Asker: 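Quick one: structure below, then a few questions.
Quick note: residue numbers are just sequence positions, from 1. Please read all numbers here as calculations on a predicted model, not as lab measurements.
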Amino acid sequence: MQVNNTRCYGDKIDIDKTQVKDFWSERAKNAKDLNTVLLGNQKTSEEGDLRNKEEFELVENFLGRLENISILDIGCGMGRWANNLKDRNCNYTGVDFSEDFTNFNKKTYKNMKFYTMDAENLDLSLLDKTYNLIIINGVLMYINDDSLYKVFEIIKTLNPDNIYLQESTSVINERLTLNKFYSQELQKDYSTIYRVPEDYEKYIKNYLPEYRTLDKGLLLHEHSGARKETNAQYWILKRGK
């Protein structure tokens, strides 16, 4: 293991959940638009738009022309997927641990449902019994190992037809953890866990064995935010053989 105070390569260390919540709550309160929340302060809206366009096309391609679908977005943030899907005939529910995000979304997308919940402790009584699609996008990287299994157990309980999972992962063949690391781009202390893709695939295999992988790969390239040590890995999963 290599450790440089706030930057750890290799071994597993925990990040401060309270600091993570405070970080996103502050960004939610100060956000001017989606890109200022999702990207570093020096990043351009063109990069964010390109990333979102390419990711949306991935989901659209496997959803096809299905109508009246029910979607649960775990970690909805400031409503990127709500905005993507607002013109589509679907029953959309978004959940996020930041009340600032969910309050913003309730005012912006009045025909959709939003709840303030932690991903590892969803209140299933407020949700549908199952969904055609669960989106979980950039959430697991903020959850420590001792709680990560809870998210997969909840997904298994909801038993959706399809799952779109996307996480920022390490591309250097070892885990990278930022623990209250000062980010020049974000101009704030930042904490996250960049696991290797194989870590998530173990959870998929162990908790979602009835799902097959329709597609997987790296989402980002030079113009949409790929970095030297990290990239966004996605999996498209479908229930059944």
Side-chain angles (χ1 to χ4, degrees), residues 1-32 34-43 47-48 51 73-80 94-102 104 116-122 135-152 154 165-200 202-203 218-220 225-234:
M1 177 181 68
Q2 298 179 23
V3 180
N4 181 15
N5 294 326
T6 59
R7 196 176 183 94
C8 172
Y9 292 88
D11 212 348
K12 299 177 181 180
I13 64 171
D14 286 347
I15 57 176
D16 186 335
K17 184 175 179 179
T18 300
Q19 191 270 337
V20 170
K21 282 191 172 184
D22 290 345
F23 170 87
W24 283 108
S25 292
E26 182 174 346
R27 289 188 74 76
K29 290 174 182 176
N30 296 326
K32 298 176 182 178
L34 276 171
N35 284 311
T36 60
V37 174
L38 297 170
L39 302 173
N41 295 335
Q42 307 304 316
K43 295 298 178 182
E47 179 178 306
R51 173 175 180 163
D73 184 3
I74 300 176
C76 63
M78 199 177 171
R80 181 165 68 95
V95 300
D96 199 276
F97 68 8
S98 169
E99 189 172 11
D100 295 290
F101 280 138
T102 53
F104 172 86
T116 304
M117 303 180 192
D118 282 354
E120 66 268 36
N121 292 298
L122 297 186
I135 297 172
I136 181 162
N137 193 319
V139 174
L140 304 182
M141 59 195 288
Y142 301 112
I143 298 176
N144 289 315
D145 285 30
D146 60 356
S147 296
L148 191 59
Y149 75 93
K150 297 178 183 178
V151 183
F152 285 89
I154 288 170
L165 168 62
Q166 187 265 101
E167 288 296 326
S168 292
T169 58
S170 168
V171 294
I172 55 174
N173 297 318
E174 63 178 340
R175 175 184 297 218
L176 167 61
T177 303
L178 304 182
N179 187 27
K180 299 179 182 177
F181 173 80
Y182 184 77
S183 167
Q184 293 291 342
E185 288 184 5
L186 300 171
Q187 298 179 10
K188 291 289 294 182
D189 285 348
Y190 182 62
S191 297
T192 189
I193 302 170
Y194 296 111
R195 298 177 174 92
V196 295
E198 291 77 12
D199 288 339
Y200 291 117
K202 289 177 182 177
Y203 280 92
L218 294 176
L219 181 67
L220 305 180
R227 288 169 170 76
K228 182 178 179 180
E229 295 182 318
T230 63
N231 202 318
Q233 173 81 35
Y234 71 88

Asker: Return the set of residues passing ring pair (Phe, Tyr, Trp, His ring centres under 6.0 Å) with Phe104 (not counting sequence neighbours), or none when no residue passes.
Answerer: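 Partners of Phe104 by the ring pair (Phe, Tyr, Trp, His ring centres under 6.0 Å) criterion come out as none, since no residue qualifies.
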Asker: Could you list the residues that satisfy side-chain hydrogen bond (donor to acceptor under 3.5 Å, both in side chains) with Thr116, not counting sequence neighbours?
Answerer: Thr102
Asker: Between the side chains of Glu26 and Lys188, is the shortest nitrogen-to-carboxylate-oxygen separation below 4.0 Å, so that they form an ion pair?
Answerer: yes
Asker: For Ser170, give me all partners under side chain to side chain contact (heavy atoms under 4.5 Å, CB included), at least two apart in sequence or on another chain.
Answerer: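 Scan of Ser170 (side chain to side chain contact (heavy atoms under 4.5 Å, CB included), adjacent residues dropped) gives Ile172, Tyr194, Val196.
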Asker: Between Leu122 and Ala119, what is the shortest heavy-atom contact and its length?
Answerer: CG-O, 3.6 Å
Asker: Looking at Asn173, I'd like to know if its CG atom is crowded, meaning that more than 12 non-hydrogen atoms belonging to other residues, nucleotides or ligands lie closer than 6.0 Å.
Answerer: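 At most 12 heavy atoms, drawn from other residues, nucleotides or ligands, come within 6.0 Å of this atom.
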Asker: Nearest heavy-atom pair of Val20 and Ser191: which atoms, and what distance?
Answerer: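 Smallest interatomic distance, heavy atoms only, reads CG2-O, 3.9 Å.
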Asker: Please name all residues satisfying salt bridge (charged side-chain N to carboxylate O under 4.0 Å, His left out) with Glu229, sequence neighbours left out, ordered by chain then number.
Answerer: Arg7
Asker: Which pair of non-hydrogen atoms, one from Val171 and one from Thr230, has the smallest distance, and what is that distance?
Answerer: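 Taking every non-hydrogen atom into account, CG2-N, 3.7 Å.
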Asker: Run the side-chain hydrogen bond (donor to acceptor under 3.5 Å, both in side chains) test against Ser168 and tell me which residues pass, sequence neighbours left out.
Answerer: none
Asker: How close do Cys8 and Asp11 get, heavy atom to heavy atom, and via which atoms?
Answerer: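 Shortest heavy-atom contact: SG-O, 3.9 Å.
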Asker: Suppose we screen for salt bridge (charged side-chain N to carboxylate O under 4.0 Å, His left out). Which residues come up paired with Asp22, at least two apart in sequence or across chains?
Answerer: none
Asker: Once ring pair (Phe, Tyr, Trp, His ring centres under 6.0 Å) is applied, do any residues pair with Phe97, and if so which ones, sequence neighbours excluded?
Answerer: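 Listed in chain order: nothing, the list is empty.
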Asker: Partners of Phe152 by ring pair (Phe, Tyr, Trp, His ring centres under 6.0 Å), sequence neighbours excluded?
Answerer: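 Phe152: ring pair (Phe, Tyr, Trp, His ring centres under 6.0 Å) contacts with Tyr203.
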Asker: Restricting to side chain to side chain contact (heavy atoms under 4.5 Å, CB included), what partner residues turn up for Asn121, sequence neighbours left out?
Answerer: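 For Asn121 the side chain to side chain contact (heavy atoms under 4.5 Å, CB included) partners, ignoring immediate neighbours, are Asp118.
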Asker: Short question: side chain of Gln166, backbone of Asn137 - any donor-acceptor pair under 3.5 Å?
Answerer: no
Asker: Is a salt bridge present between Asp145 and Arg175, judged by a nitrogen-to-oxygen distance below 4.0 Å?
Answerer: yes
Asker: Of all heavy-atom pairs between Ile193 and Ile13, which one has the smallest distance, and what is that distance?
Answerer: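 Heavy-atom minimum between the residues: CD1-O, 4.3 Å.
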Asker: Which residues satisfy the side-chain hydrogen bond (donor to acceptor under 3.5 Å, both in side chains) test with Asp14, sequence neighbours excluded?
Answerer: none
Asker: For Lys180, does the NZ atom sit with more than 12 other heavy atoms under 6.0 Å from it, leaving out its own atoms?
Answerer: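 No - once you tally the heavy atoms of other residues, nucleotides and ligands closer than 6.0 Å, there are 12 at most.
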Asker: Can you sort out the partners of Tyr234 under ring pair (Phe, Tyr, Trp, His ring centres under 6.0 Å), two or more places apart, ordered by chain and number?
Answerer: none
Asker: Taking only residues two or more places apart in sequence or in another chain, which ones pass side-chain hydrogen bond (donor to acceptor under 3.5 Å, both in side chains) with Glu120?
Answerer: Lys17
